[in-house]
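Report on one structure; see the data block that follows.
These numbers were taken from a predicted model, which means no experiment stands behind them. FYI, side chains are in, hydrogens and waters are out, and symmetry mates aren't considered; it's all heavy atoms of this structure.
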Amino acid sequence: MKTSKVILSIAAMFMAQTVSANECEVCVKVIDDVKSSLAKSDAKDKPKIEQAIDAYCEKSDLGPRERKICYYITPIKRDVAHPFSLGMPSLKVCKRINTSNPEICTVKFPVKTETMEKKDLSKLRVKQLKSILADRGVECKGCIEKEEFIQKIQETEHLANVEL
């Protein structure tokens, strides 16, 4: 009996630590882009990594989410450069800096709804449906059920391609 409780508790710990596919997705993209801009010989040099972070964040063609991550990591670029220089994977770097600024992993890319059908939208959580509507600048007053949010998303499909 005790053995099964121990096994269940260990399994619960591992399940709590599993990473979802899109966790820290913008941060991971930024770190990967910085990593790809570095020469292999500079990947272990902290000052060069900090310069690469600055160079990446000064680009004018960054999207709003990448700029937000740059806003978060620029003041702590030394803390980013250390695990980065040790060869730590991008997700682990993001998780580590997320402890100093918990907003880093909350930045997400918008859900692509152009190709989604009703059955695909029904798989999303209400929170995600609300964020889709918020990205479009639409409020769903009186929406309670999930189906109502899905219907509103389908009604405002023409606003999906508007870039803010």
Inset, instruction - Applying side chain to side chain contact (heavy atoms under 4.5 Å, CB included), run through E139 and L133 and close with a yes or a no. - result: CA-CA 7 Å; E139 217 176 300; L133 290 172; over 6 Å; no

Inset, instruction - Kindly compute the distance separating NZ (K92) from OG (S90), expressed to the nearest 0.5 Å. - result: 12.5 Å

Legend entry - Within residues 31-63 or reaching into it, pairs that qualify as disulfide bond (SG atoms under 2.5 Å apart) - sequence neighbours excluded: C57-C70

Legend entry - Least distance between heavy atoms, K48 atom then L38 atom: O-CD2, 3.9 Å

Inset, instruction - Mind running side chain to side chain contact (heavy atoms under 4.5 Å, CB included) on I150 and I153 for me, showing each step along the way? - result: CA-CA 5 Å; I150 292 171; I153 288 172; 5.6 Å; no

Inset, instruction - Search all heavy atoms of K46 against all heavy atoms of S85 and return the closest pair with its distance. - result: CE-OG, 3.7 Å

Legend entry - Connected via hydrophobic side-chain network under 4.5 Å: L86 and L91: no

Inset, instruction - Answer yes or no: are there more than 12 heavy-atom neighbours, outside K130 itself, under 6.0 Å from its atom NZ? - result: no

Legend entry - M88 side, atom CE; K95 side, atom NZ - distance, nearest 0.5 Å: 13.0 Å

Inset, instruction - For K35, look at atom NZ and say whether over 12 heavy atoms of other residues, nucleotides or ligands are found less than 6.0 Å away. - result: yes

Inset, instruction - Of all the heavy-atom pairs spanning N98 and I104, show the shortest one and how long it is. - result: OD1-N, 3.7 Å

Inset, instruction - Taking all heavy atoms of I144 and all of F149, pick out the closest pair and write down the distance. - result: O-CE1, 4.1 Å

Legend entry - Closest contact, heavy atoms only, E50 versus A81: CG-CB, 3.9 Å

Legend entry - NZ-NZ distance between K152 and K141, expressed to the nearest 0.5 angstrom: 10.5 Å

Inset, instruction - Would you confirm whether E58, through its side chain, and A55, through its main-chain N or O, come within 3.5 Å as a donor-acceptor pair? - result: no

Legend entry - Salt bridge K108-E25, side-chain N to carboxylate O under 4.0 Å: no

Inset, instruction - Applying side chain to side chain contact (heavy atoms under 4.5 Å, CB included), name anything that partners E103, two or more places apart in sequence or on another chain. - result: Y72, N101, T106

Legend entry - Minimum side-chain heavy-atom gap I31-V80 below 4.5 Å: yes

Legend entry - Side-chain (S37) to main-chain (V34) donor-acceptor, under 3.5 angstrom: yes

Legend entry - Approximate separation, where rounding is to 0.5 Å, of I132 CD1 and T156 OG1: 9.0 Å

Inset, instruction - Just do the side chain to side chain contact (heavy atoms under 4.5 Å, CB included) check on R136 and E157 with the steps written out, would you? - result: CA-CA 9 Å; R136 294 180 183 178; E157 191 67 38; 3.9 Å; yes

Inset, instruction - Please name all residues satisfying side-chain hydrogen bond (donor to acceptor under 3.5 Å, both in side chains) with D45, sequence neighbours left out, ordered by chain then number. - result: none

Inset, instruction - First locate atom CD1 of I97, then atom CD1 of I73, and finally report the distance between them rounded to the nearest 0.5 Å. - result: 6.0 Å

Legend entry - Spatial distance of atom CD (Q154) from atom CG (L121) [nearest 0.5 Å]: 6.0 Å

Legend entry - Minimal non-hydrogen separation, K146 against L129, with atom names: CG-CD1, 3.8 Å

Inset, instruction - Quick one: do C94 and C27 satisfy disulfide bond (SG atoms under 2.5 Å apart)? Show the steps, please. - result: CA-CA 6 Å; C94 290; C27 178; 2.1 Å; yes

Inset, instruction - Scan side-chain atoms only and decide if Q151 and E155 contain a donor-acceptor pair under the 3.5 Å cut-off. - result: yes

Legend entry - Derivation of the side chain to side chain contact (heavy atoms under 4.5 Å, CB included) call for L62 and K59: CA-CA 6 Å; L62 293 179; K59 287 183 185 176; 4.0 Å; yes

